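Keep in mind the model is a prediction, meaning the values are calculated, not measured.
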Amino acid sequence: MAELTIDAVVFDVLGTLVDEPAGLRAGIRVLTPSASPSPSASPPPPPSASPSASLSLDDSGTEQLLLLWQRHIEREQGRIVDGDRPYLPSDALDREAAEIVARAARAEDPAARADPDSVASLARAARRLPPWPDTVAGLARLAERFPLIGLSNASRTALLELNAHAGLRWHQALSAEDARTYKPDPEVYRLAVTVAGLPPERLLMVAAHAWDLRGAQALGLRTAYVARPVGDPPTSSDRFDLYAEDLADLADQLGVS
């Protein structure tokens with residue numbers, strides 16, 4: 001592997017620096033009162049049981065609603081990247097996902113709130129995501145050595161609120177909204193290259209998603225995979241420049257004291 005010469009570090013945000021599923025679960029539990037954990041909640045059904053036969057919003061029901069949200073966002077962003085749907089910012093897609101989840105929750109739990117205010121509140125849960133335990137300190141440490149650029153599929157407005165809620169600090173935060181598409185479209189990564197004013201190979205893209213790193217790699221950026229419980233792990237065919245357990249490990253590998 002060629003020696004890394006890095007002049008700026010570009011970070012994915014959702015899943016890499018914040019725990020997106022945890023924030024969405026919290027929103028779902030507000031929407032569906034019975035989804036709130038309780039000591040007396042029934043245990044989840046065994047793997048052999050039919051999910052529809054014993055769905056509980058205390059456990060598997062919340063995860064199924066979360067999966068509905070994630071699948072909608074992934075599918076619709078993909079359609080936009082492929083040119084099969086006009087561009088919409090992440091706020092609009094989050095609202096669509098919230099409406100789908102609210103309808104599904106109402107079908108399973110008649111006590112679930114599906115009024116417009118509750119749906120809007122659920123959509124905003126996508127902006128109230130907790131940082132991973134190493135995120136804030138890791139960014140501060142890396143910022144002592146490198147300019148840091150956030151590069152997110154979140155809209156400009158969502159990214160502002162997300163950064164404030166999670167305590168993320170950047171030298172520059174960029175939204176895919178500026179490219180009117182979504183990662184892994186090359187135009188999104190090009191935003192970071194343009195802002196940095198550097199050749200792509202002097203930028204290091206950091207993400208917990210192998211698909212995201214492949215997109216950056218295709219434009220010539222160097223890549224670093226950071227392991228997260230909710231990420232998209234590399235396959236045996238992926239060849240990224242760095243593999244880190246967390247941001248502290250990444251800083252060590254980059255020689256940041």
Side-chain angles (χ1 to χ4, degrees), residues 11-38 41 43-45 47 51 55-78 90-105 108-109 112 118-136 138-139 150-155 158-159 161-168 176 182-184 206-213 225-234 244-247:
F11 277 94
D12 170 61
V13 179
L14 301 174
T16 299
L17 297 179
V18 295
D19 185 349
E20 186 175 22
L24 295 177
R25 285 189 194 100
I28 290 169
R29 287 170 179 146
V30 171
L31 181 76
T32 57
S34 64
S36 301
S38 94
L55 177 64
S56 166
L57 288 178
D58 292 316
D59 37 65
S60 64
T62 300
E63 294 308 306
Q64 288 188 31
L65 293 175
L66 173 62
L67 188 59
L68 274 179
W69 181 298
Q70 292 172 323
R71 284 177 173 170
H72 178 78
I73 297 297
E74 180 180 357
R75 181 179 64 250
E76 296 309 308
Q77 286 185 353
S90 70
D91 303 357
L93 298 185
D94 287 338
R95 176 68 187 221
E96 291 177 355
E99 290 173 348
I100 290 169
V101 167
R103 286 197 299 269
E108 296 296 342
D109 179 4
S118 295
V119 172
S121 178
L122 176 58
R124 288 194 297 273
R127 308 180 185 185
R128 300 189 294 267
L129 309 178
W132 295 110
D134 64 310
T135 291
V136 174
L139 289 178
L151 185 65
S152 178
N153 274 343
S155 72
L159 186 56
E161 189 172 339
L162 192 154
N163 288 341
H165 181 82
L168 307 183
Y182 288 98
K183 294 186 288 181
V206 181
H209 316 290
W211 63 263
D212 199 354
L213 296 177
Y225 170 76
V226 175
R228 296 299 193 199
V230 300
D232 169 36
E245 293 298 318
D246 53 25
L247 296 193

CA sep, side-chain torsions, deciding dist, call: L162, L129, side-chain contact (heavy atoms from CB on, under 4.5 Å): CA-CA 7 Å; L162 192 154; L129 309 178; 4.0 Å; yes
[atom1]-[atom2] distance between [X] and [Y], expressed to the nearest 0.5 angstrom:
{"X": "T62", "Y": "L67", "atom1": "OG1", "atom2": "CG", "answer": "12.5 Å"}
{"X": "L151", "Y": "T16", "atom1": "CG", "atom2": "OG1", "answer": "10.5 Å"}
{"X": "L66", "Y": "R29", "atom1": "CG", "atom2": "CZ", "answer": "9.5 Å"}

Minimum side-chain heavy-atom gap L168-F11 below 4.5 Å: no
Non-neighbouring partners of [X] that pass side chain to side chain contact (heavy atoms under 4.5 Å, CB included), sequence neighbours left out:
{"X": "A210", "value": "R214, D232, D238, F240"}
{"X": "A126", "value": "L24, W69, D94"}
{"X": "A244", "value": "V226, D249, L250, Q253"}

Can you tell me which residue pairs pass the salt bridge (charged side-chain N to carboxylate O under 4.0 Å, His left out) test with a partner in residues 11-25, sequence neighbours excluded? D12-K183, R25-E63
For a quick test of reading the model, state the closest non-hydrogen atom pair linking [X] to [Y] and the distance between them.
{"X": "G167", "Y": "V136", "result": "O-CG2, 3.8 Å"}
{"X": "A125", "Y": "G27", "result": "CB-CA, 3.9 Å"}
{"X": "I73", "Y": "L93", "result": "CD1-O, 3.5 Å"}
{"X": "G15", "Y": "A208", "result": "O-CB, 4.0 Å"}

Quick one: ring-ring contact (aromatic ring centres under 6.0 Å, His included) partners of H209, sequence neighbours excluded? W211
For Y182, what residues pass the ring-ring contact (aromatic ring centres under 6.0 Å, His included) criterion, not counting sequence neighbours? Y87
Partner set under salt bridge (Lys or Arg N to Asp or Glu O under 4.0 Å) for E96, not counting sequence neighbours: R85
Holding to side-chain hydrogen bond (donor to acceptor under 3.5 Å, both in side chains), I want the full list of residues that pass it with R71, two or more places apart in sequence or in another chain. none
Residues that E99 engages under side-chain hydrogen bond (donor to acceptor under 3.5 Å, both in side chains), provided they are two or more places apart: R95
Ignoring hydrogens and angles, tell me if any N or O in the side chain of S155 forms a donor-acceptor pair with the backbone of S90 under 3.5 Å. no
Worked verdict on V206 versus L17 for side-chain contact (heavy atoms from CB on, under 4.5 Å): CA-CA 10 Å; V206 181; L17 297 179; over 6 Å; no
Pairs meeting criterion side chain to side chain donor-acceptor pair (under 3.5 Å) with involvement of residues 119-133, two or more places apart: D91-R127, R127-E161
